[in-house]
Amino acid sequence: MSRCLAERSIDHVLLERGEVAQSWRTERWDSLRLLTPNWQSRLPGFSYAGSDPDGYRTLPEIVAFISGYAKSISAPVRTHTTVTSVRSDGAGYLVRTDRGDWRCRGIVIASGACNIARIPRFAAHVPPSVAALTAQSYRNPGQVADGGVLVVGASSSGTQIAHELQRAGRQVTLAVGEHIRAPRMYRGKDLEWWMDAAGVLDERCDQVDDIARARRVPSLQLAGTPDRSTLDLNTLSDIGVRLVGRLAGITDDGKAQFAGSLRNMCALSDLKMGRLLDLIDEWARANGLDEQTEPPQRLPPTRVEETPPLGMDLASGEIKTIIWATGYRPDYSWLEVPVLDRKGLLRHDGGVVAAPGLYLMGGVFLRRRKSTLIDGAGDDARDLSAHLASYLDGHLARLTA
Ligand SMILES: Cc1cc2nc3c(=O)[nH]c(=O)nc-3n(C[C@H](O)[C@H](O)[C@H](O)COP(=O)(O)OP(=O)(O)OC[C@H]3O[C@@H](n4cnc5c(N)ncnc54)[C@H](O)[C@@H]3O)c2cc1C
């Protein structure tokens, strides 16, 4: 957004409470790699020119990439400046920070969609003998006591953490709710390549039937490993992870209750994966790629044990650690403009917030499916900076009329 505003000569400043790329520096596990290939993180004026376009950036590489981009565009960043409140002040907004106040006509809220780990209310009933972590506070297996681990959530974060911990010698149980299975490689190419080429990631928010639902859909079960292997529930079963149904509740005395829907959840996920691959096959055929790529293939169905356990006594000592990989939510506790809905989410139309001169970036499916990804920021910033520019022009016209 800064690059797009600069192109339009719009005077602006970026307020950042930590360092550039703060969330990658402080809120991710050590072994994380981007699940999107290097070529895919395109930003305005930047595309990957290194020697490993199909690789997946490690955490230090992600930090270097984002910091390098900020430097290359001379982004006017004020680091170590926390925004403590934003309120309307007639002509625009008053922004209070721990380093002084700012007045401005427009604001782009780019404070992230994943500030706080989303944890169910019944987490309060986890017995004190069980250590609790989240996908945001988990760093590496060294932090996790020997013995059993219950990982809750089987999307991208949960499956990666479960895989790492089981391989490090813990006995992992994975509670599986709705999830989206996906092969890392398909017909010889990265799945992200297919989704990008076939336009799946460009699908706009006004093209889906139920955008509220689309914004709640969990992330693809993908991991960016050097060997490009698929990480799905079968991979996890193969190394000894035990699969149970969605964690539906925990009783006052610490008994975990798992939903009986594991088989259905897995069948549904297999079905959705099949639909995505059908769509890709259709696109490949229509675009003459059938001859140049490997033939279509399907993964075997997800294996589920005959009668997975429906309960577990968390106080029995079997489970030493529980890791909540149940998603994230944004934190707008500092926003004093009445634009939040009942769930504390911003009311917006493709990033245009329901208050003059206020915009949102970085939200899940904000304008397009790819808005969730680094790669989606460019198109969203181009659109929203155009909207902001015409808002500022109108504002100026009103002042001079
Ligand atoms: C575990 C995980 C893995 C992911 N993997 C991928 C991937 O492989 N590929 C991909 O493309 N995307 C991935 N994403 C999504 C990716 O994080 C987003 O696309 C991207 O980071 C969004 O950038 P952002 O600048 O909008 O938000 P953030 O990176 O969250 O940045 C928001 C910034 O705002 C600052 N901030 C917040 N509140 C305040 C305040 N009050 N005052 C001042 N500053 C504040 C924060 O310190 C932070 O630096 C992943 C996300 C997560 C959580």
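Indexing begins at 1, ligand by ligand and atom by atom, following the structure's order. Here the structure is a predicted model, which means the values were calculated and not measured.
Of the protein's non-hydrogen atoms, the one nearest atom 7 (C) of ligand 1 is Leu34 CD2, 3.4 Å. The nearest heavy-atom contact from the protein to atom 3 (C) of ligand 1 is Leu32 CD1, 4.1 Å. The protein non-hydrogen atom at the shortest distance from atom 2 (C) of ligand 1 is Arg28 NE, 3.9 Å. Ranking protein heavy atoms by distance to atom 16 (C) of ligand 1, first place goes to Trp24 CZ2, 3.7 Å. Scanning the protein for heavy atoms near atom 26 (O) of ligand 1, the closest one is Gly362 CA, 3.7 Å. From the protein, the heavy atom lying nearest to atom 42 (N) of ligand 1 is Val83 N, 2.9 Å. From the protein, the heavy atom lying nearest to atom 43 (C) of ligand 1 is Arg17 N, 3.2 Å. Summary of contacts: the protein heavy atom closest to atom 15 (C) of ligand 1 is Thr372 O, 3.4 Å.
In the candidate list Ser23, Ala110, Gly376, Ala110 is nearest to atom 32 (C) of ligand 1, counting heavy atoms.
Using a 3.5 Å distance cut-off with no hydrogens or angles, the side chains of Glu19 and His80 do pair a donor with an acceptor. Between the side chains of His12 and Ser2, at least one donor-acceptor pair of N or O atoms lies under 3.5 Å.
Asn234 places a side-chain N or O within donor-acceptor distance of the main-chain N or O of Arg303, the cut-off being under 3.5 Å. Checked by atom type and distance alone, the side chain of Asp375 pairs as donor or acceptor with a backbone atom of Arg42 at under 3.5 Å.
Note: an N/O pair closer than 3.5 Å links Ile374 and ligand 1 by distance alone.
Relative to the ring axis of Phe65, Arg57 places its NZ or CZ within 45° and under 6.0 Å from the centre.
Ring-plane geometry between Tyr138 and Trp29 is classed as tilted, the angle between the planes lying from 30 to 60 degrees on a 0 to 90 degree scale.
Proximity of Asp331 to ligand 1, defined as any heavy-atom pair under 4.0 Å, is not found for any part of the residue.
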